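These notes are about the structure you will find just below.
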Amino acid sequence: MPERGGARGKDAVLRIGNASGFYGDRFSAVREMLTGGRLDVLTGDYLAELTMLILGRDLLKDPSGGYAKTFLRQMEEGLGLAHERGTRIVANAGGLNPAGLADALRELAAKLGLPTRVAHVEGDALPPGPGVLTANAYLGGAGIAACLAAGADVVVTGRVTDAALVTGPAQWHFGWGPEEYDRLAGAVVAGHVLECGTQATGGNYAFFADRPADVLRPGFPLAELYEDGSAVVTKHPGTGGFVDVGTVTAQLLYETSGARYAGPDVTARLDTVRLAQEGPDRVRIHGVRGEAPPPVLKAGRCRLGGHRNEVVFVLTGLDVDAKAALVRAQLHDALAQDPPAEVRWELARTDREDAATEETASALLRLVVRDQDPEKVGRALTGAAIELALASYPGFHVTAPPGRGAPYGVFETAYVPAADVPHTAVLPDGTRLPVPVPPATRVLEPVPEPDLPPPPAPGPVVRAPLGRVAGARSGDKGGDANVGVWVRSDAEWRWLAHALTVDRFRELLPETAGLEVTRHVLPRLRALNFTVAGLLGEGVASQARFDPQAKALGEWLRSRHLDVPEELLTPAPGSATASSSSPPSSTSPPSPPSSPSPSSPSSSTSSTDPVTVRPGPREETP
């Protein structure tokens with residue numbers, strides 16, 4: 001590890017940008033980030049649960065592959081731009097073959113005549129076991145830090161945590177030791193905000209309709225990190241999108257659960273995070289506390305779960321329920337002798353009465369089948385479906401001709417002792433440097449639920465969508481889903497904390513009624529985070545529901561109606577400046593170096609839903 005002070009001195013700001021939130025993200029983002037302003041480090045997150053399965057299948061076809069080829073294509077231009085600007089590049093695009101990607105990058109640099117020094121991190125690959133296609137532990141940032149300290153210009157990794165792409169450069173730059181938990185935790189939080197790219201700058205944002213022109217092409221985010229672990233999230237000048245407390249809060253809640261956010265480097269306490277609007281497109285993250293990491297590492301295993309197929313029947317006009325019942329009965333009889341192991345029907349009533357177009361007069365009946373035997377979901381199903389073309393309900397047609405069954409994957413989570421994983425930094429000169437495990441660990445345990453604020457005084461209520469008051473963002477972790485819900489004023493928080501209980505959540509989302517739902521309370525973010533166990537079956541690749549990653553689960557919740565205090569829907573006179581208050585107990589440490597003075601950007605809400613509201617701006621969390 002470098003001596004304290006790293007490469008540029010411990011008091012200097014470290015500017016880290018991100019140019020990819022997933023494999024397939026905006027190709028031009030690397031160039032945009034490298035040419036849009038100063039960056040010390042540019043990161044790229046290319047891996048997700050589904051991506052590991054895709055790369056695993058690629059590796060079976062070509063043993064020299066298994067990495068994100070898009071990244072290599074981006075580097076045809078990116079290596080030269082980074083060299084000109086002195087920007088280091090850190091990406092997890094190595095996937096299942098970081099050494100192979102590192103070799104390909106060296107060949108590319110030689111072809112371009114660039115003196116680029118390439119290093120990589122490995123050791124995440126685990127013995128796959130019977131039936132498992134890929135098995136990888138989630139590594140931390142220490143290997144990345146070691147590569148940068150050895151002079152690497154580009155560091156590629158396999159399966160590291162998304163936040164490690166930021167914690168690694170921060171450890172290198174500031175020389176943080178492995179037990180500086182608060183600083184590391186601050187970097188983890190900043191890394192989590194950056195990891196999904198434009199989700200931090202207005203993309204996929206619940207209140208996007210407030211600023212529709214700004215979200216046409218959001219710019220990618222960057223963070224100014226400071227030696228004390230605080231950070232300012234912002235973006236390059238002149239780029240689209242916007243950064244405010246709401247966009248950062250939404251991303252903080254994305255794919256997390258409780259107050260303890262565990263990682264290989266540190267366990268960050270999300271219940272300590274404080275956010276403040278420092279100016280236009282500048283949100284300061286401060287006050288983050290950290291604890292020793294757990295003694296185990298999360299690991300992901302991908303295996304082939306079997307074969308699946310689907311047919312979507314279009315039911316138009318009258319008697320939709322009767323038409324659905326008829327085709328279900330016909331296919332049940334046709335498959336009765338040797339039915340697939342799993343048969344699932346879902347009727348989506350997208351039809352309207354007296355519709356002006358045929359499409360809006362139609363409903364969709366979706367049939368999904370699964371089995372280990374490809375024949376049971378292939379020819380047997382497609383033959384039975386096609387034979388109904390002239391023998392079923394009036395207006396029979398399907399959205400696409402039935403195809404052959406396709407294999408599907410299953411993602412499973414496991415935990416392995418950190419000491420059993422050979423985390424290794426392979427330096428630019430080829431030296432293999434073992435990365436030590438953290439000197440201290442702490443077993444995870446739940447955080448006691450914090451005290452709730454006093455409930456609002458009784459008063460008139462209006463039946464309205466939850467989303468007229470609250471924002472939400474949802475996502476997947478294996479077979480589980482998470483829904484983060486937040487509000488933007490203390491008055492709204494007093495109501496939300498008491499109104500959106502687990503029972504009410506299940507009532508609003510009936511799909512969750514028979515599942516384990518856990519509510520986590522994060523008062524400093526004015527947020528509730530719900531985890532729903534098993535909603536997504538065996539994970540995204542199994543496509544157990546029509547929204548297999550639960551991306552829209554939060555928006556469904558926001559659309560549901562409940563009794564909302566009238567005062568929250570009708571801003572009182574003067575509320576445009578009063579609604580951003582913080583609890584008296586909130587204290588704000590001095591701003592990081594070079595931060596501008598706080599200002600008051602507005603964020604309003606309007607809608608054509610049953611209740612129209614235009615609350616004042618919210619610009620700071622407690």
Side-chain angles (χ1 to χ4, degrees), residues 20-24 45-60 65-68 91-98 101 121-141 143-144 156-165 167 188 191-192 195-196 254-257 261-265 267 293-306 407-424 444 475-482 531 533-544 548-550:
S20 176
F22 66 99
Y23 192 8
D45 179 11
Y46 292 80
L47 301 184
E49 295 167 359
L50 181 61
T51 313
M52 300 301 283
L53 179 66
I54 294 170
L55 294 177
R57 295 179 65 181
D58 288 347
L59 197 60
L60 289 177
Y67 55 79
N92 60 14
L96 301 175
N97 187 10
L101 177 57
V121 177
E122 62 184 32
D124 58 297
L126 303 174
V132 176
L133 184 60
T134 69
N136 299 82
Y138 288 71
L139 303 179
I144 296 171
V156 291
T157 76
R159 180 72 278 188
V160 297
T161 65
D162 300 337
L165 302 176
T167 63
V188 164
H192 181 61
E195 71 183 55
C196 286
Y254 182 64
E255 295 183 348
T256 60
S257 54
Y261 185 56
D265 301 306
T267 294
V296 295
L297 298 179
K298 177 183 174 182
R301 294 193 297 239
C302 295
R303 61 178 174 82
L304 295 179
Y408 70 89
V410 172
F411 179 85
E412 300 170 333
T413 298
Y415 293 90
V416 296
D420 293 348
V421 177
H423 188 175
T424 304
L444 286 178
D476 65 309
K477 280 296 180 186
D480 300 343
N482 108 280
T531 56
L535 180 69
L536 307 178
E538 295 178 301
V540 54
S542 70
Q543 299 183 50
Q549 291 181 282

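Each residue takes its place number in the sequence, starting with 1. Quick caveat: nothing in here was measured; it's all calculated off a predicted structure.
Between Pro98 and Leu96, the shortest heavy-atom contact is CD-C, 3.7 Å. Ala135 approaches Pro128 most closely through the heavy-atom pair CB-CA, 4.0 Å. Nearest heavy-atom pair across Gly56 and Thr134 is CA-CG2, 3.7 Å. Minimum heavy-atom separation, Ala164 to Gly141: CB-N, 3.7 Å. Gly263 and Pro293 get closest at one heavy-atom pair: O-CB, 3.3 Å.
Between Phe411 atom CZ and Leu536 atom CG the span is 12.5 Å, to the nearest 0.5 Å. How far NZ of Lys477 is from NZ of Lys298: 4.0 Å, rounded to the nearest 0.5 Å. From Leu444, atom CG reaches atom OH of Tyr415 across 8.0 Å, with rounding to the nearest 0.5 Å. To the nearest 0.5 Å, the span separating CE on Met52 from CZ on Arg57 amounts to 15.0 Å.
Between Leu55 and Tyr23 the shortest side-chain heavy-atom distance falls below 4.5 Å. The shortest side-chain heavy-atom distance between Leu133 and Leu53 falls under the 4.5 Å cut-off.
Formation of a donor-acceptor pair under 3.5 Å by the Glu412 side chain with backbone atoms of Gly300 is not found in this model. The backbone N or O of Tyr67 lies less than 3.5 Å from no partner atom in the side chain of Asn97, so there is not a single donor-acceptor pair.
Test Asp45, Thr161, Thr51, Thr157 against Asn92 for side chain to side chain donor-acceptor pair (under 3.5 Å) and you get one pass: Asp45. The only member of Asn136, Val421, Asp420, Leu297 that meets side chain to side chain contact (heavy atoms under 4.5 Å, CB included) when paired with Leu126 is Val421.
Using a 30° and 60° split on the angle between ring planes, His192 and Tyr261 fall in the tilted class, from 30° to 60°.
Applying the salt bridge (charged side-chain N to carboxylate O under 4.0 Å, His left out) definition to pairs two or more places apart or across chains, those involving residues 122-135 are Glu122-Arg432.
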**Study point:** Evaluation steps, side-chain contact (heavy atoms from CB on, under 4.5 Å), between Leu139 and Val121
**Key:** CA-CA 9 Å; Leu139 303 179; Val121 177; 4.2 Å; yes

Practice item. Verify side-chain contact (heavy atoms from CB on, under 4.5 Å) between Ser257 and Asn482, making sure each step is shown before the conclusion. Key: CA-CA 7 Å; Ser257 54; Asn482 108 280; 5.9 Å; no

Practice item. Run the numbers on Leu47 and Val160 for side-chain contact (heavy atoms from CB on, under 4.5 Å), then give the verdict. Key: CA-CA 9 Å; Leu47 301 184; Val160 297; over 6 Å; no

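Legend: residues meeting side chain to side chain donor-acceptor pair (under 3.5 Å) with His423, ordered by chain and number and at least two apart, are absent.
Thr167 and Asp265 form a side-chain donor-acceptor contact under 3.5 Å, judged by distance and modelled atom types alone.
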